Number of protein chains: 2
Amino acid sequence: MFSQAEENYLKALVQLIHFRDQGNEVGTNELALYLNVKPATANDMLKKLREKSLVSYVKYGKISLTTEGQKAGMDVVRKHRLWETFLVEKLDFTWDEVHEVAEQLEHIKSKKLVNSLDDFLQNPKFDPHGDAIPDREGRILIPYQRLLSEVSIGKSGKVVSVKDNSNSFLQYADKIGVRIGGMIEVAGRESYDGQTTLRVENKDHTVSDKFCMNIHVVCPTCKLGKDCSKNDCSF
Amino acid sequence: MFSQAEENYLKALVQLIHFRDQGNEVGTNELALYLNVKPATANDMLKKLREKSLVSYVKYGKISLTTEGQKAGMDVVRKHRLWETFLVEKLDFTWDEVHEVAEQLEHIKSKKLVNSLDDFLQNPKFDPHGDAIPDREGRILIPYQRLLSEVSIGKSGKVVSVKDNSNSFLQYADKIGVRIGGMIEVAGRESYDGQTTLRVENKDHTVSDKFCMNIHVVCPTCKLGKDCSKNDCSF
DNA sequence: TAATAAAGTTAGGTAGACCTAACAAAAAAT
DNA sequence: ATTTTTTGTTAGGTCTACCTAACTTTATTA
């Protein structure tokens, strides 16, 4: 079994290496920044994880996860996202309240618990933020998604996830009716600065390009699969 | 907030001081034994808890909890028992599988989580072992209960709790149909060695006195309250 | 390409929670 | 009431996960 700290590093590496749109190279500094520790600390831990064959990297080189390390990290992500789903669906937590608690719950060690919880929630494929939940083997479904900032004028998308998890962002999104599973139409976009007019629940809101770059949407007709273009796709 | 270790000590002290039938005096050695640590370790922690005004004791003297310490310990017990209830009722864990996982879950820090869970479970008063669940203020209902070994021949009792939580005991109890909430009739008892014949679900089982001393039962007609004798009590 | 900046590493140090071994006080037994 | 046993305490050490400060390597840029 892994310590809580080890699990945090493995999860962080999975997120930085596998769950990012571009730039899947990770360094000590970036990892440290992500985990709110100092580079020296991250470096210590990387050596420890290398000893345990969970990561592979050479001095001054880039970091990658071994198969075993990736599996372990995925498992933490799986638990985190299942607990988030539980909190929202069963205990009526709101979208922006779950993260902190899930950070603790993800470290509970019990295979039976995770799998029972999965069944209890009816094996959800996506969590309340719209992120994919890895299955027992660490596999995830990858919806064909793009940033709201890249959706053409006049087209619509269904919100599947957000990149920013800060309270200020989540509350703002919530206020203008932007939530996971909801539809957004791009009514207009200013070429000068990317200011974008969104139509949400029949109301228009003008938001910044920055805001749009934090929201992932999928084509509402063909949510899954990479062959989206074959259908009469919204994008 | 308290560390996980601190919480464990506070919980242990609550159990040893308040949740025991007799001998509510606790010493360093006993506490250490209970927590599977060495006396020196327990002593270190006691000094730390005294610093924080959670326990009060003098060198070589007996240990007691301050009001604050008792509240904190009760809170851990509350969480432990709520999670056990959740595991059994919602995730179909069995009686003897819950303890280990609840030991981890009890340390999750979120008032909202505990109270939501409490509501989700419909504010249970007793956990799957039949132990009382403290409420938000740390209060518990005390059922008028006695040991099965003290129930007279011919009388019946409803099982409310067990003292032994070892797997061997729990599995044995389960095998002969003894479970929380179930009825047991004392059909006979050998005065020589206390061998007792129990009638459970219309079957008779002969068990040892030791076994009976681990089971708490309440009068089935007047479960709560100390004024049991007023009614036509089964005992 | 040499100077500067950024990224990564090492050495040595702290706090928490545990340990062993030696010792002191209190309780029990002779 | 003295010895023995039990119980409790102290001192000093380990391991984990963090830290700072100093240093080295790699990358950037002038």
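In what follows, every heavy atom counts, from backbone to side chain, and hydrogens, waters and symmetry copies are set aside. Just so it is clear: chains get the letters A, B, ... in the order the sequence lines come, proteins before strands, and each one is counted from 1. The shown structure was predicted, so the numbers you read here are calculated from the model rather than taken from an experiment.
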| So, is Lys47(A) near the phosphate of dT9(C), with a side-chain N or O under 4.0 Å from OP1 or OP2? | no

| task | Classify the nucleic acid contact of Thr41(A) as base, sugar-phosphate or nothing, counting any heavy atom under 4.0 Å across all strands shown. | result | base

| query | Does Glu6(A) or Ala40(B) map to a spot on DNA chain D nearer the 5' end, using the closest nucleotide for each? | reply | Ala40(B)

| note | note: Leu49(B), atom CG; dG16(C), atom P; distance rounded to Å ~ 13 Å

| query | Whole-Å distance between dA17(D) C1' and Leu46(A) CG? | reply | 14 Å

| message | Output the rounded distance in Å from CE (Met45(B)) to P (dA15(C)). | response | 16 Å

| query | Do any side-chain nitrogens or oxygens of Lys62(B) fall under 4.0 Å of OP1 or OP2 in dG8(D)? | reply | yes

| Is any side-chain N or O of Lys38(B) closer than 4.0 Å to OP1 or OP2 of dA17(C)? | no

| task | Specify the separation, in whole Å, of atom NE2 of His107(B) and atom P of dA17(C). | result | 12 Å

| request: Would you please say whether a donor-acceptor pair under 3.5 Å links the side chains of Thr94(B) and Glu97(B)? | output: yes

| request: Write down the distance between CG (Asp44(A)) and P (dT9(C)), rounded to a whole number of angstrom. | output: 10 Å

| remark: Asn29(B) CG to dA26(C) P, in whole Å, measures 15 Å

| task | Look at Tyr57(B) and dT7(D) and indicate whether a side-chain polar atom (N or O) is within less than 4.0 Å of OP1 or OP2. | result | no

| message | So, does Asn43(B) get its side chain near the phosphate of dG8(D), meaning an N or O under 4.0 Å from OP1 or OP2? | response | no

| Rounded interatomic separation in angstrom, taking CG from Leu35(A) and C1' from dC19(D) | 15 Å

| task | Looking only at side-chain atoms of Lys48(B), point me to the closest of dT7(D), dA17(D), dA17(C). | result | dA17(C)

| message | So, does Tyr60(B) get its side chain near the phosphate of dC23(C), meaning an N or O under 4.0 Å from OP1 or OP2? | response | no

| task | Indicate whether OP1 or OP2 belonging to dT10(D) is found under 4.0 Å from a side-chain N or O atom of Lys59(B). | result | yes

| note | The side-chain contact (heavy atoms from CB on, under 4.5 Å) partner of Lys11(A) among Glu106(A), Lys79(A), Met74(A) is Glu106(A)

| Ignoring hydrogens and geometry, is there a side-chain-to-backbone donor-acceptor pair from Ser161(B) to His129(B) under 3.5 Å? | no

| said: Nearest whole Å is fine: how far is dA17(C) C1' from Leu31(B) CG? | reply: 14 Å

| field | Smallest separation among heavy atoms of Thr196(B) and Gly194(B), with atom names | value | OG1-O, 2.7 Å

| query | Taking atom types as modelled and ignoring hydrogens, do the side chains of Gln171(A) and Asp96(A) form a donor-acceptor contact shorter than 3.5 angstrom? | reply | yes

| said: Does Ala42(B) reach a base, just sugar-phosphate, or nothing at all? Heavy atoms under 4.0 Å. | reply: nothing

